[in-house]
Amino acid sequence: MSVRPHPRLATLAAPAPGGLEGPLVDRYGRVHDDLRISVTDRCNLRCVYCIPEDVTFLPRAELLSFEEIARLGRVARALGVTSVRLTGGEPLMRRNLVRLVAQLAEIGFSDLSLTTNATLLAPLAAPLAEAGLTRVNVSCDSLRPERFAAIRRRGDLATVLAAMDAAEAAGLTPLKVNVVVLRGENDDEVLDFARFARATGRVVRFIEFMPLDAGGHWERPRLVPGAEIASTIAAHFPLVPLEGSGAAPAERFAFADGLGEVGFISSVTQPFCGTCNRLRLTADGAIRNCLFSDDELSVRDVMRAGGSDEMLADVLRAAVGAKHPGHAINEPGFLAPRRSMSMIGG
Ligand code: SAM
C-alpha cells in the first residue's frame, strides 16, 4: 500500500481511523461538506492569468477513471459532503462527462454543479441537466469580443453567451458568471458586467487575480480588490448586502432596486479561510485541503493498491486534519503553490 503523503503531512500524527462516518471537521472546527472535483487538467483555452500556451498535460493513465471518482464521491458523501462541483482544466474536455454526472447524481448530493468556460457547453447543457447536474458557473472575463479573445487566447464570446442561454433553457440555474478582473486589462468593464447582471438575472461574480497562474506572472498591482469594484458599482447602482450562505466564498449583494445580484470573491484582500468548507480532488487523484497549500495525499494510489473505502475515508480525514488556518498569501515568505489553478481545479 503506498499512500503518498506530502513530507509535511507525513510528519503529522496519523488520525484515529474512524470508518465511514463523518463529519469532516478540522482542528479549527471547520466542517468540510464541499468537494471540488477536477476531471481533467486539459483545457481548450489559454487564459493569460491561468495557463501558458505551451502547457504539457498529464498522461491519460494518471487520471482517475469515472469509477474511481464516483467511489471517492460515495466515501465523501458518507463523511458528510453534500455539495460537489466539477471543474478542471476544462471539465467538458473530458469525454462522456454526462456519464460521470449521472454516476455522481445517483449518490445524492444536494448540489452538483460545474464550472466551465462554456465553449463546449451549448449542446451538452440539456444532457447534463437530465443526468442530474443542478447548475453551472461560466467563466467570462470580457463582454467585448476582441478583448475576450485577448484574455482567453482562444474561443469566442458569442459561443459562450449562446451557451449561457442554452444552460438556462436546460434549467441549470442560478447561472453564475465568473469574471477575473485584471488591472488595466478588463477593469473598465465592471459597470458593463453590472448592467449585464441586471439585464440577464445572472449572478456576476468578480474574482480577484490569485497567485495561481502557471506563468508565475502574478503581481499584486495587477489585482483589483473586490472592495474597489463594489464601490465603483455602488456609485452607479446602489447595492444592499445579502445574507452570506455560510461558507460560500462570494460576498453577495443585491441591486437595491431588486434587479439582480453581484458577488465578490476577494480571496487575496479579504480571505475567507475562517469559514472554508472545501476539499479538492485533482484529476490525478490527489486530495488537497487548500488551493494554496502543496500538501497532497493520493487517493488514487490507495485505490490502485486495493485499499478499502475506510482507508479512503482516513485519507480525507488526514487531509482535513492537516489543514492550516489560512492561505498565508499576505504573509511574508508566501510561496505560490507548485501546481497552478488549471492543474489543481479551480
Ligand atoms: N475551465 C473552467 C473555467 O474556465 O471555468 C474551469 C477551471 S478554471 C481553472 C476555474 C476558475 O478559475 C475560472 O473561473 C477561472 O477564471 C479561475 N481562475 C483561473 N486562474 C485564476 C487566477 N490566477 N486567479 C483567479 N482566478 C483564476
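We're numbering straight along the sequence, starting at 1. For ligands, and for the atoms within them, numbers begin at 1 and follow the listed sequence.
- Contact check for Arg85 versus Asn137: side-chain heavy atoms found under the 4.5 Å cut-off.
- With a heavy-atom cut-off of 4.0 Å, Thr87 touches ligand 1 through its side chain alone.
- Between Phe264 and Phe253, the ring planes lie perpendicular to each other; the angle is over 60°, past the 30° to 60° tilted range.
- In this structure, Gly89 is part of the shell of residues with a heavy atom less than 4.0 angstrom from ligand 1.
- Inter-residue side-chain proximity for Leu114 and Leu128 is flagged as met; some heavy-atom pair is nearer than 4.5 Å.
- Between Asp33 and Arg77, no side-chain nitrogen of the basic residue sits less than 4.0 Å from a carboxylate oxygen of the acidic one, so the salt-bridge criterion is not met.
- Residue Thr116 touches ligand 1 through its backbone alone, judged by heavy-atom distances below 4.0 Å.
- Electrostatic pairing of Asp165 and Arg202 counts as a salt bridge here, judged by a charged N lying under 4.0 Å from a carboxylate O.
- In terms of protein heavy-atom proximity, atom 2 (C) of ligand 1 is closest to Glu90 OE1, 3.3 Å.
- Between Tyr49 and ligand 1, a contact under 3.5 Å exists for at least one N or O pair.
- Residue Ser139 approaches ligand 1 through these ligand atoms, each under 4.0 Å from one of its heavy atoms: 3 (C), 4 (O), 5 (O), 13 (C), 14 (O).
- Regarding atom 26 (N) of ligand 1, its nearest protein heavy-atom neighbour is Val180 CG2, 3.5 Å.
- Between Asp295 and Lys323, none of the side-chain N atoms (NZ, or NE/NH1/NH2) sits under 4.0 Å from a carboxylate O, so this pair counts as no salt bridge.
- The minimum heavy-atom distance between Phe209 and Arg222, with the atom names listed, is CE2-NH1, 3.8 Å.
- Using a 4.0 Å cut-off between charged nitrogen and carboxylate oxygen, Glu67 and Arg99 count as a salt-bridge pair.
- No N or O atom of Asp141 sits closer than 3.5 Å to an N or O atom of ligand 1.
- The option with the heavy atom closest to atom 17 (C) of ligand 1, from among His217, Arg222, Met341, Lys176, is Met341.
- Every atom of ligand 1 is numbered from 1 in the order shown, and the set under 4.0 Å from a heavy atom of Asn117 is 2 (C), 3 (C), 4 (O), 5 (O).
- Any N or O atom pair closer than 3.5 Å counts here, and Met210 shares at least one such pair with ligand 1.
- Per-residue contacts place Glu208 under 4.0 angstrom from the following atoms of ligand 1 (heavy atoms of the residue considered): 24 (N), 25 (C).
- With a 4.0 Å heavy-atom cut-off, ligand 1 is reached by the backbone of Thr115 and by its side chain too.
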For Thr119 and Asn44: C-alpha separation, side-chain torsions, deciding distance, then whether side chain to side chain donor-acceptor pair (under 3.5 Å) applies. CA-CA 8 Å; Thr119 53; Asn44 53 348; 2.8 Å; yes
